[in-house]
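Values below: every heavy atom of this structure, side chains too, minus hydrogens, waters and symmetry copies. Quick caveat: nothing in here was measured; it's all calculated off a predicted structure. Chain A is the first sequence line, chain B the second, and so forth, proteins listed ahead of strands; every chain is numbered from 1.
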Amino acid sequence: MKLEPGMAFDTKVQNKVFAFLSILLLLSTVWVILDDYIRPWKAVQIKALDIKKEVLGEKLKAVKASVKPEEVAALKKAIEAGQKIRDSRQAEVDALKKELGETQAKIYAQKIINGADGSSSSAMTFQWEMKKEHGKDAAAKKLKGKLDALNIKWGKGKDYFKQLTTDEKNVLNAIAAKSKELKLAQKDYKEKAGKLDMTQEAYDSASFFSDPINFLRNAPFIDYLDPTIKIQQVVAENITEDRYFKQTEKVDRCMTCHTFIDKPGYEKKDNPYKTHPNLNLMVGADSPHPMKKTGCTTCHGGEGQRVFDFNAAEHRPENEKQKQEWIAKYHYHEGHKIAQPIRKKSQTEAGCVKCHQGKEFIPQADRLNKGRQLVQTYGCYGCHKIKGWEHLRKPGPSLYKISSKVSKEWTKNWVWFPRHFNPKTKMPHYFNQSNNSKPEFLKKNVAEVNSIVEYLFKNSKSFSPFTRYNGGNADKGKALIQNVGCISCHQVEGIGNDFNKVGSKKGPYLTGLGSKVSGDWLVSWLMRPSHYQEDTVMPSFRLSKREASDMTSYLLTLKNKKFSEMKFSDLDRSVRDELLLEYFSSFDTIAVAKTKLAGLDDHQRTLELGKRSIGKFGCYSCHNIDGFEGRSPIGVDLTNEGSKPVTQLAFGHEHIEHKRDVWFKNHMLNPRRWDRGNNKGFKDLLRMPNFFMSEEDADLLTVFLLGQNSEKVPMAGQKNLNEYEVAEEKGHRVMSKYNCYGCHNIDGMGGDILKATAYADDPNEAPPILAGQGHRVHTDWFYNFLGNVHTIRPWLKVRMPTFNLSNEEKNTIVDGFRARKKLPVFEEKPEKVVWEPGERAAAKKLITEYACDSCHTLGFNKDEPMAPNLHHAKNRLRASWIEKWLKDPQSVMPGTTMPNFFADGEAQEPSILGGSVDRQVTALRKYIQEIGEKEFPEAGWYEATGFKKPE
Amino acid sequence: MSESKKSLNRREFFSFLAVGWITFTAATAGLLGLVFRFLYPNVNFEPEMEFIAGIPGDYDNGVDERWKNGFGVWIIKREGKLVALSNICTHLGCIPNWLPGELKFKCPCHGSGFYPSGINFEGPAPRPLERFKITTLPDGRLKIDKTKKYRYEKGQWNNPDSYIEV
Amino acid sequence: MEALKEFVNILSGPQYSFTLTLIMFYLLMKYYRIIGTKKFAWGFVILMTPVYLWFMSDDVFRTIIATPDNIPISILLFSVFFFTWLTVHKAAINDERIEAGECPIEGLPENREKVWSWPNLVYNELFVIIAGTIFLIVWAIIFKAPLEEPANPTWAPNPAKAPWYFLGLQEMLVYFDPWMAGVVLPVFIIIGLVAIPYIDTNPKGNGYYTFSERKMAISCFMFGWLVLWIFLIIIGTFLRGPNWTFYGPFEYWDFHKVVAEANINLSEIIWIKMLGTTMPSNLIVREIFGIFVILAYFGISGAMITKKWGQDILEKTGKIRYYFFLFLVLFMATLPIKMYLRWLFTLKYIVALPEWELNL
Amino acid sequence: MSDKSIVDQVRETQVWKSIFRHGPPNNARNRAAIVAGNVFLHLHPIKLKKSGVQLGYTWCMGGLTFFIFLSLTVTGVLLMFYYRPTAEYAFNDIVALREHVPLGIMREIHRWGAHAMVITVWLHMFRVFMTGSYKPPREFNWGVGVILLVLTLLLSFTGYLLPWDQLAIWAITVGSNMAKATPFLGHGGPGATLAQIGDFILVSDKNDVRFQLLGGRFVGEPALLRFYILHCVFIPLVVGVLIAIHFWRVRKDGGISAPL
């Protein structure tokens, strides 16, 4: 085809190309519009409306059921009647309305006049003031005249205006009075059946498809006008997002899809339409963590700003099953390079830590608390520094005097594999593990263990028990162990399953003692633990020699025959020398190392290897060992372990998911696994020992570790402990150290021993529950008691032991209890009880009538006491507590045998003191204080009365 | 050239070009429309238009200023009614001050004055202050919705959503 | 199949793939007339499509290729293939015509004819604009722009890579010190590019595709562009993983991959290995061999090249042009030379003066 | 109704005529007038050699680059409505652009456009070299083109930091680390150790070229602001001027090259 001159292309063809390209452009434009408009979260909100309708439907049903239809009909009829009455007065109303119109016109006119006068007056006043100020008195005087006249006029106008508005109000009231009956009927209806209408209305409007306007409001391009489907967001208060250079506001848009997260009534719906499972603690407007203040990702983690679809928020499945469900439902896949995905549900509590600092246990964070408890149980903090855990004592027993306690052979076998001796031990396992069970490694390990034990015994101080064991009654001993309270800290072999329920882990599991220690040592230890180890937390139960011997006798029957027959391989000197050479030559040449080695004699070599091995395995991190004082622990600092980049965790050749929590868990289960498939030399092997943890424990510790992260929350956003909470926490730490929680349930926490059948059946036989103890006792009494424990409840078999507490510790415990109840340190004790006339006699009568003496020893009878001696009460109990206790003992200590004489606010003895509860209680309290006034017991009191003297 | 042939030619000439231009214009308009839409953000960080303002018992008779700075609302309780009054002057949008001594709102910009009821009585303001929607939630708390406004001069102050009887 | 993949992995190692690229470049220059035929192009496409599909069937390879930020490199790769072939194709046709004594296609009277800008040019531009818009829109809808964790100066992602267009330079960092790879080489690239019109005095080949008339210019440019720039970018993007370690296209990016890094300096080779003495304390004496090598490279080899091949150009272009050109070419050649020295002799630096931050 | 078509009627109104001073471009006079009379079109010559309009010859890579540059300018300006170059907000704003700002592909168009521009610039240079179009009289314009290419890379590089994510700061850290090796000017480059008077160090990490570029010793908030200004104001201005020169010289040097 011939083209026109000056043309390179055929225009027709080019037009076609243009048309083609334009159509493509239009198509891609449409694609952009759709791509931009269709967002998965919108579908979620539309479906949410249906679910809302469903819930409202149920509600409507309930409301309908509560309102009778005939009642509604009657109410409606009343309205109609009211309307009729109103209509019949139409003429009167019209007249009034006319009057109203006239009045309002006058008001309008007067408003304008008053406005003008008022502003002229203000202006003139200002001028007058100015003139006067500048000394232009003549002009001022002239102006004043005018101003006064104006003000009079304005004042009249204002007065008239007031009258007019009063008139208006009267007319309005008159008009309203004409429809009085109607209003009343309407009000009545609203009160009785209004809820029905409201619910019905809400129900009718609760579907996206019910209102065609919805489509227009959410149509593309114009959905900015007033959309009903829109992104919801919360900007957290005082909690920020760490941008490393700066802090920025935390914006959470989770509620865009989790539409009802803060609305009760949707608990049974599926996610994302579910109500938060714990609205009282989280999310709820009245909870301590309201959604609008705390946000969502603060605790849960995740991409709070991102709202596009399920995957954008970076949810994480709890397990494989959930993952598969999500894949089917949401095309779930993990995002790439996400700072903090949403925590797995079981790990959510790791998010509490960043705000709740300075507290060992965070209320209601159960999994985290369990994890932290495990850190103490396993003694992780011994080898690993963790900020905030420095105050804890070394988890293992002191080895300063080991030679007097056990034999070398026993120690070697023990260190080699503790579980051979004690299947429940907390001592972890270093040897014969997955990475060091090759024969050549075993040989070297044997040499190391021999040397370690040699070193320990060489450096052990001498100790001799202060008394001798002369045999005892094993059965009696066993009963004592059961009853006296040992089981709150120890599990003991042969003591029935019942006591395993207690699950005590504070002290070691007592097994095989007969193959371990001598009778002399054991008696001496039981009677006075601090004699062997000065800083032990093992308390003295004030055992008599007889009692201690009986217990010893039982414990010595526990033997581990198999273990005691084990023979540990002898030290292979060549292996020892080889190892030493390796140590010596790490910075020196072989020749120098050999010279150095040659300079040591045989025993010195063993000791040298022992010392180096103890350093290598970090034994000193958990045990006090002579020669290692002040050495820093060998483990990695765990303070921010939860923020460690995944790439810094060595997964080795293990085929597991490369994720932080997976690594943590597997590390707990077997810390040596990462060496699998690595060709490592002996000294480079991983050294973290194996604790033989259960999966559950590993999971809990993972939660703990994930909580140890470097996320920062500004001070204002954190939970800052007040002085009471600080004191409480300090007290808690001391009580935790001595395991007060083993026996006592303190304000809902602890009391493990109560699980034992004997105590569960009869709480009165159990160690007392310390609820509100800070309120109950006087601080000075409490302090003295802790230092000088004596019997308060003589009927108890279980004993409050005497702890090795320092003065500071005693003070801290007392202050902690006081702070729990937010009380002043001292509550005044009256020097002398002041009686009102007749009150004392009434009190004595009450004592008799209520039969207090049937349980409490008061000096009225000679029976075995069944309740605390009230002669001690004055110095021990706070007056306000006594009254509280008398009024309702069950609320103070559930399960107590103390009867309630004032149930439901009525005194059981209405004849005394006018039957007034308050007066009776006060009288009783005064009497208790009075009988305690005397120095008790007075000299010769027991003898005089014939009462049994308490031990 | 005959008339019919000319028009045929023109139609032929026009067809692809016309399709091209129409679709091109449509696409461009679509893209420009998107740009127009782009300038309306879907979320914003200004104070919320709805808020919960405690319970009616929190308020004494008179003017309450606790929500003025955060949300721009006076809660006024008088004559048995609780209303949420806007603090935007109806003249040019300044923020009037509440003068408790003189019992009036006074706008600092051009001197408009309003009674505690919100009705203007001096200065250039053309109409009374506006009321916002105020409702009681099922749990008894007050909800104030600033997206709905009620104007006196339109007779909207009689609307039951514009006040709460207490 | 696995063995084949393993073979490809090994073959992709910089030393082999670079050599292969060199060979392919030589073949391209030598047999451009065959390569420039449409038959060859179709043959190549038919042959390579299954290979490409095979590559794409591998998970590891696909993950890397489909990373949104790597899409441009794929586009670059395909367009470079296509446009290189296109120039070669056009040059081949023109060269044949020139040999036959005809003018190049672009010089035909009908192509020299003046045409109206409106509508010929303007319409074409509109097409390009529309097509470009469509392309960008579709690209933008399909691939989301990458966004990683918020900036955190306390830990670096591994690998930390520069934007892809600088990855050639980052790859050079393996062989050169930063001052060379990051500063001197780029500066010389820019200077060299700006200087091209002033060095190349060949009046032929202006306004049409040809190869035979501008052999020297085109091979030098194409060598720098294809072999030293594009190829290194591809290596840097697709085949460099954590710690800038080499990973084959089918090799999983294992963070813990360890490769031997035992490179030594020329001075160490000579003083310690060959002469068996200690290193002299005087820096200049210590590095004297390296300095000599560098000077010799630019001096002696320059002179030899001039004597053997350069007389002709020297005469045609004059001394300044010629020596500047020679310097640029020699400078450009340092990169492949250094690469081979590294691969063959594990040579780290020819001149190693860390005291002065001056390593070559 | 008159017998004139509506199109013709519109063409005869005063408004139309005041805007378009020529008739439909279907004859030589009007085709010349439309190109000469329109500020945008007059970048073009009225007539040009046929090879200059053939895509097979020109690849239109220069034109495409200019088009992408314009698209980037438009999308870039629009993005600036939603982007704050501060350490607090930069990242959040980028997330916002993806998650809830309308026309959610704005950032994608900008980013991919930037990558595409680098590619088209390279290909443009490749084409110009292969057709020998840098030869006299176009030597200077080739030089301008090389500078534009460098500026394109810098534009892309400075924009790379703005999302303020890990990818951004570490790419810029790696990239800008090369500046510290600049001989005599960077503290890690040759000669830096020589620039010392007693204890007074002339070239250290707190006063070398890298510091000047970043406004700090590492890529921090000052660097973000600087890169923002460079990316949005400084470099585009320079590029704009150079593009004008480049186009002007294309015309003045005889249009698109063709055999002599």
Side-chain angles (χ1 to χ4, degrees), chain C residues 72 75-76 79 83 87 103-104 106-107 111-118 120-122 124-125 128-129 132 136 139-141 144-153 156-157 160-163 165-166 170 178-179 182-183 190 193-194 196-198 205-209 214 221 225 356-358, chain D residues 25 31 34-35 41 44-51 53 57 60 63-64 67 91 94 105 107-109 111-113 115 118-119 123 129-132 134-135 139 142-143 146 150 153 157 160 163-167 169-171 174-175 178 181-183 188-190 192-193 218 257-260:
Chain C
I75 294 175
L76 173 74
S79 34
F83 284 113
T87 53
C103 69
E106 289 84 348
N111 282 335
R112 297 175 68 91
E113 184 200 342
K114 289 268 195 168
V115 295
W116 294 104
S117 285
W118 185 288
N120 298 309
L121 178 58
V122 176
N124 266 5
E125 286 172 348
V128 169
I129 286 174
L136 279 182
W139 188 0
I141 293 177
K144 285 271 159 231
L147 190 64
E148 299 188 348
E149 301 100 320
N152 179 351
K161 288 189 177 183
Y165 34 82
F166 288 152
Q170 207 176 340
W179 71 275
V183 184
I190 296 168
L193 283 174
V194 173
I196 284 175
Y198 305 101
N206 187 350
Y208 56 93
Y209 294 95
R214 308 168 53 207
F221 180 84
W225 157 246
W356 299 345
E357 313 269 6
L358 184 76
Chain D
R31 277 177 182 158
I34 196 171
V35 172
L41 296 182
H44 305 104
I46 287 166
K47 276 189 148 187
L48 75 169
K49 283 191 198 108
K50 197 172 171 185
S51 60
V53 299
Y57 178 73
C60 203
L64 200 52
F67 162 68
F91 183 81
I94 297 293
I105 59 163
R107 174 172 169 243
E108 275 74 18
I109 297 180
R111 190 181 181 103
W112 300 142
H115 288 321
V118 171
I119 295 173
L123 291 174
F129 184 90
M130 294 315 288
T131 57
Y134 56 83
K135 299 195 175 192
E139 309 100 307
W142 166 267
V146 172
V150 174
L153 293 180
F157 183 67
Y160 214 82
W164 204 237
D165 61 346
Q166 282 286 74
L167 189 67
I169 67 160
W170 289 101
V174 170
M178 296 184 184
T182 315
T193 44
F218 58 91
S257 67
L260 294 167

Exercise: identify the closest heavy-atom pair between [X] and [Y]:
X	Y	value
D:Pro25	C:Trp118	CG-NE1, 3.0 Å
C:Pro153	D:Trp170	O-CZ2, 3.8 Å
C:Ala151	D:Ile169	CB-CG2, 3.6 Å

Using a cut-off of under 4.5 Å for heavy-atom pairs, which of [options] has the most such pairs with chain C?
options	result
D:Phe218, D:Trp164, D:Phe129	D:Phe129
D:Gly188, D:Pro183, D:Ala192	D:Gly188
D:Ile34, D:Leu64, D:Val150, D:Ile94	D:Ile34
D:Val35, D:Leu123, D:Ile46	D:Ile46
D:Gly143, D:Ser51, D:Ala258	D:Ala258
D:Gly175, D:Gly189, D:Gly63, D:Pro163	D:Gly189

Go through [options] and name the one with the most non-hydrogen pairs under 4.5 angstrom from chain D.
options	value
C:Trp225, C:Trp356, C:Tyr198, C:Phe166	C:Trp225
C:Leu76, C:Ile75, C:Leu358	C:Leu76
C:Ala160, C:Gly182, C:Pro157	C:Pro157
C:Pro104, C:Ala162, C:Pro163	C:Pro163
C:Ser79, C:Gly205, C:Pro146	C:Pro146

Atom pair [atom1] ([X]) and [atom2] ([Y]), whose distance is rounded to the nearest 0.5 Å:
X	Y	atom1	atom2	answer
D:Lys47	C:Asn120	NZ	CG	10.0 Å
D:His44	C:Leu121	NE2	CG	4.5 Å
C:Tyr208	D:Ser257	OH	OG	11.0 Å
C:Asn206	D:Lys135	CG	NZ	6.5 Å
D:Gln166	C:Glu148	CD	CD	7.5 Å
D:Leu48	C:Lys114	CG	NZ	7.0 Å

By a 4.5 Å heavy-atom criterion (distance strictly below it), what part of [X] contacts chain D: side chain, backbone, both, or neither?
X	value
C:Glu125	side chain
C:Val128	both
C:Arg214	side chain
C:Trp139	both
C:Val194	both
C:Asn152	both
C:Lys161	backbone

Does the side chain of [X] reach to within under 4.5 Å of the side chain of [Y], using non-hydrogen atoms?
X	Y	result
C:Pro72	D:Val118	no
D:Cys60	C:Asn124	no
D:Pro45	C:Ser117	yes
D:Phe91	C:Leu147	yes
C:Lys144	D:Glu108	yes

Name the orientation class of the two ring planes belonging to D:His115 and C:Tyr165 (parallel below 30°, tilted from 30 to 60°, perpendicular beyond 60°). tilted
Evaluate the ring planes of C:Tyr209 and D:Tyr57, with Trp represented by its six-membered ring, and classify them as parallel (under 30°), tilted (30 to 60°) or perpendicular (over 60°). perpendicular
Pick one of side chain, backbone, both or neither for [X], based on which atoms fall under 4.5 Å of a heavy atom in chain C.
X	answer
D:Tyr134	both
D:Val146	side chain
D:Leu41	side chain
D:Trp112	both
D:Ile109	both
D:Leu153	both
D:Arg31	both

Within the side chain of C:Trp179, is there an N or O that forms a donor-acceptor pair under 3.5 Å with the backbone of D:Met178? no
